[in-house]
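If you're wondering where the values come from, they're calculated on a predicted model, not measured in any experiment. Sequence lines set the chain letters: A, B, ... in the order given, protein chains first and strands last, and positions in each chain run from 1.
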Amino acid sequence: MATQSIERAVNTEVQLMMTCLCDAFYAGVAEATVRVLEAAGCRVHVPEDQTCCGQPAFNGGDFESSRKIAQHTAKVFSGDLPIIVPSGSCAAMHLHGNGLQFENAPDEGQMGVRSLAKRTWEVCDFLVHGLGKTTWPGRLDRRVAIHDSCHTRGSGTGAAMRTLLGSIAGVELLEIGQAEQCCGFGGTFSVTFPHISTGMGTLKLDEVHAKRPDMLVSGDMSCLMHLNGLAENQERALPHCHAVEVLAEALG
Amino acid sequence: MPNPIEQYARDLSEETREAVRKSGALTTGQRVEILQKDYEDPDALRRLAGEIKQHTIDHLDSYLEQAEASLTKAGAKVHFASDADSARQCVLGILQQSDVQRVVKSKSMATEEIHLNPFLEKQGIETVETDLGEFIIQIDEDTPSHIVRPIIHKKREEVAESFEKHGLGDYNTDPETITRRARVHLREKYMQSGAGITGGNFVSAESGRIVLVTNEGNARFSMAPNKVHIAVIGIEKIVPRDRDLAVFLNLLARSATAQQLTVYTQFIKGPRMPSQPSGPEEMHVVFLDNGRSQILGESCREILRCIRCGACQNVCPVYRHASGHAYRAVYGGPIGAVLSPLLGGKASFPEYADLPKASSLCGACREVCPVDIPIPDMLLKLRHKGKKQGVSTPGSFPMAPFATLATSPTAWRTAMTAARAMNYLPMKLAPIKPLRDWLGDRTLPKWRGGDFRRWLKTRKGNNADA
Ligand code: SF4
C-alpha cells in the first residue's frame, strides 16, 4: 500500500499505538518504542482503551466490521497529537486503508477516522522525517539484514530505518536480494494459503541467510513472527527483532 | 476444502514452479534495471501513463466515437461487439463474406477471451496461430498461462515432443531449431490463408492508427499476403492522440520484456493504399465490449487502464508459486484476480470471487504497473463485494466477533491476559484444519498478553502514562 509522504502532525508529545500484535506477543517491542521515543525527547501517552487498527477484518473484505474498529480507534486516539506505531502495516491502515473503506462515506459517518491519517507515523519514519533525527548513539558490532515489510512500500520507513540503524557505530547493514518480494504472511492469507505462504517465506529465508547476517530486522513484527516461525521449523532460526529494539539496545 | 489456487499450487510440479518463478524473477529484475537506466523518475512516467489512460476511460464514449470516425475515414470498417458471441459472429460474417477458408492469427488476448479459435475451427475455418508460443499452445490444445509469455509453464522437452508428434521434425530441444521449424511451417500457412486476424495494443482516437507490437514480426506476415485484416480490440485500448503512444510504447516493452522497444512496432492506418505494393484490401476493426462498459460503471474501473504487459504477473509471488493456470481464466495473476470476477458480470462473479483472496496484498503489482493501477485496492473492494453478496469462499473467516472484541476495551484487556492459556495448549490440535496446516509449518511466539500494559504501570520514573 503506497503511503506517499503527506503532511502530518509533528510534536514531542505523542500517543503510542502499541498494535494488537505487541499487546499479545511482543511486549518488548512496545517497551522499546517507549524508551526510544523518550530518548528522542518525547513524552509518550498510551491510551488504555486501544485495541487493534481493524486490518484483519478489512483485509477479509468485512468493511462493516473494520469500520467499527476504526471508529473505536479514532475515539481512543482523539485530539491532535501524533500517533506513533511500531508497525508499518498498522500505520498504512490509518494512512491508506481507512480512506478506502470510508470512500464515499460522509464526514460525519467517519467519526474522526479521517484525522488518523493526518497524525499517524510509523516510528522510524517519525524519528527521521518527523523529528529530524539523522543519527543514533551507541555501539553494536553486528551485521544486520533488513526486511522491508510490504506495507511500507512508498513510505519513508525504509530510508528512515536505514538512516538510524546505519548510524549506530559498528552496525553493518545488509540488503537482501529480491527485496520487493513479500515474506508470505499477509494475515489470514497465510492461513488460507499455507502452501503458497510457506513457499514465499522459504524463499525469503534463503535470501536472508545468503547474506549471513547476525540478525534480521524489520519494522513489522508480523513478518518476523511468520518468518521466525518458519525458520524454527526448518531449523535455521536466527536472531530477529524490530528496528526499535536495536535502537533501544544501542541506548544501553 | 482449500482455496482452488492453493490446491493448484500444491499439485503443481516443482519443475514448472521453478520455471515460472525464474522467468518472473529475471524479467522483474531486468525491468527495474532498464527503467532506471533510461529514466530519471520512472514512477512519474507510470503515473502520467495512468492519468492518460484514466482520462481516456473516463471519457470513453466520446473517444470511441472519435476513434470510429477516424478509422472510417482511414478506410477501415468498424464493428461493435457487445459480448463474446457477437464478436465471434461478427468475425465469422466478415470471413464468410470474403469466402475465407483459412486464417492466420497473431497473438491477441482479446481473441483468447472470446475463444475465437475453437469457434472458427468448428465452422470449418482453419485457424493458425503464428506467434511461436501461441502456435505451441495451439498444437498442444493448451491455453496460455501468461499474457506475454503464453508457454512460460512449458519445458523445452515438452515442446520438442509435441513438434515430433505433429510432424514438425525429429525430437530436438534446441530452441533455434524449434523456431526455424515453426517458421518454415508457418510461412506456408501465411501464403495459403485468406485473412489475417490480429489484436491491437493501442488505437489512437485522433488518427485511427492502430498499433501492434511483436517480437517475431508475425503480425506483419499475417497481414501482408492477405486480402482481409481483422483486428479484434477491447474498447479500453484507445488512447486520445498519436503523441500519447510515445508514453505507452516506451513503458510497454520495458515493463513486459525489459526491452526499450519491441522488435516490431507497426502503425496501421486503414487498408493498403493504391501506392502500396501489398497489404490487405479490407481492414475491419471489431471493438469488443464483453463486460467492459459494465466495469466502467463500477468502483474498479481503473482496471481498464491495463495495457496487458504482464509485469504484475512476473512480480507476483502468488503467481510465481501457483502459475497462471491456477486462476482458471484467460487472465492469471493480479490482473486476472481483478478482471475475471468482473468481466463476466453479475452472473459469473461468485464463480471467481475466490480469486481476489489469493493475495497477501503485498502491493508489488502496483509498484510495477506501467499505468499505476491500484491493484491491491481493487482486490480489497472485490473481497468486500463478495462479503456483501454473501458469497462464501474458502478462507472466509467470520470477523464480526473480532470486531465486537476490538470495540470493547475491557473485554479486550481480559482476553489479552486470559489467552495466556494458549501457551499451555498443544497447537497441533488447533480446531480448524487451515490453522492446523499453518501451524504444521510454523511455531508461534510465546503469548505475552498484557505484559506491556503491566510494565507501563509498574515502571519507575514513568514518564509515559495511560
Ligand atoms: S495490470 Fe498493470 S502490470 Fe498488470 S498487465 Fe495490466 S498494465 Fe501490466
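The choice from V76(A), L37(A), L203(A), D23(A) that makes the most heavy-atom pairs within less than 4.5 Å of chain B is D23(A). Highest contact tally toward chain B, considering only G186(A), A24(A), C182(A), A27(A), is held by A24(A) [criterion: heavy-atom pairs under 4.5 Å]. Note: A358(B) leads S299(B), A358(B), A322(B) in heavy-atom pairs under 4.5 Å with chain A. For chain A, the option among M416(B), R454(B), R21(B) with the highest count of heavy-atom pairs below 4.5 Å is M416(B). Most heavy-atom pairs under 4.5 Å with chain A, from the set S359(B), A364(B), S360(B), C316(B): that is S360(B). Among S65(A), G54(A), C20(A), the residue making the largest number of heavy-atom pairs under 4.5 Å with chain B is S65(A). Counting heavy-atom pairs closer than 4.5 Å to chain B, the top residue among G28(A), C22(A), G60(A), C52(A) is C52(A). Annotation: maximal heavy-atom pairing with chain A below 4.5 Å, among A406(B), A403(B), A400(B), occurs at A406(B). The greatest number of non-hydrogen atom pairs below 4.5 Å with chain B, out of T51(A), N228(A), D62(A), T73(A), is found for T51(A). In terms of heavy-atom pairs under 4.5 Å with chain A, the best-connected choice from V318(B), L382(B), V32(B) is V318(B). Between chain A and the options A9(B), P2(B), P356(B), heavy-atom pairs under 4.5 Å are most frequent for A9(B).
Without hydrogens or angle criteria, H242(A) side chain to P86(A) main chain gives a donor-acceptor distance under 3.5 Å.
In this structure, S87(A) and M221(A) have side chains that are not in contact, with every pair of non-hydrogen atoms separated by 4.5 Å or more. Counting heavy atoms from C-beta on, the side chains of N59(A) and R383(B) come closer than 4.5 Å. Between F402(B) and P56(A) the shortest side-chain heavy-atom distance falls below 4.5 Å. When side chains are defined from C-beta on, I84(A) does not count as touching M17(A), because their heavy atoms never get closer than 4.5 Å.
Interface remark: Q178(A) contributes side-chain atoms only to the contact with chain B (heavy atom separation under 4.5 Å). With a threshold of 4.5 angstrom between heavy atoms, K388(B) approaches chain A through side-chain atoms but not through N, CA, C or O. With a 4.5 Å cut-off on non-hydrogen atoms, A415(B) does not touch chain A at all. Of the atoms belonging to V315(B), heavy atoms from both backbone and side chain fall under 4.5 Å from chain A. Proximity to chain B is absent for every atom of C183(A), based on heavy atoms less than 4.5 angstrom apart. Within the 4.5 angstrom heavy-atom criterion, no atom of L227(A) approaches chain B. At a 4.5 Å heavy-atom cutoff, the contact between L100(A) and chain B is made by side-chain atoms alone. With a 4.5 angstrom heavy-atom cutoff, L16(A) touches chain B only via side-chain atoms. When heavy atoms are compared at a cutoff of 4.5 Å, Q50(A) approaches chain B by way of both its backbone and its side chain. In this structure, chain B has heavy atoms under 4.5 Å from both the backbone and the side chain of E31(A).
Under a cutoff of 6.0 Å and an axis angle of 45°, K446(B) and F25(A) do not form a cation-pi pair.
Within a 6.0 Å radius of NZ in K387(B), no more than 12 heavy atoms belonging to other residues, nucleotides or ligands are found.
Taking CG of L216(A) as the start and CD1 of I146(A) as the end, the distance is 9.5 Å to the nearest 0.5 Å.
Remark: the S155(A) side chain and the T152(A) side chain contain no N/O donor-acceptor pair separated by less than 3.5 Å. Side-chain contact annotation: S149(A) with D220(A), donor-acceptor N/O pair under 3.5 Å present.
For the residue pair D372(B) and R305(B), the shortest heavy atom distance occurs at O-NH1, 2.8 Å.
H195(A) has its ring centre less than 6.0 Å from the ring centre of H321(B).
The pair E64(A)-R67(A) meets the salt-bridge criterion, with a side-chain N (NZ, NE, NH1 or NH2) lying under 4.0 Å from an Asp/Glu carboxylate O.
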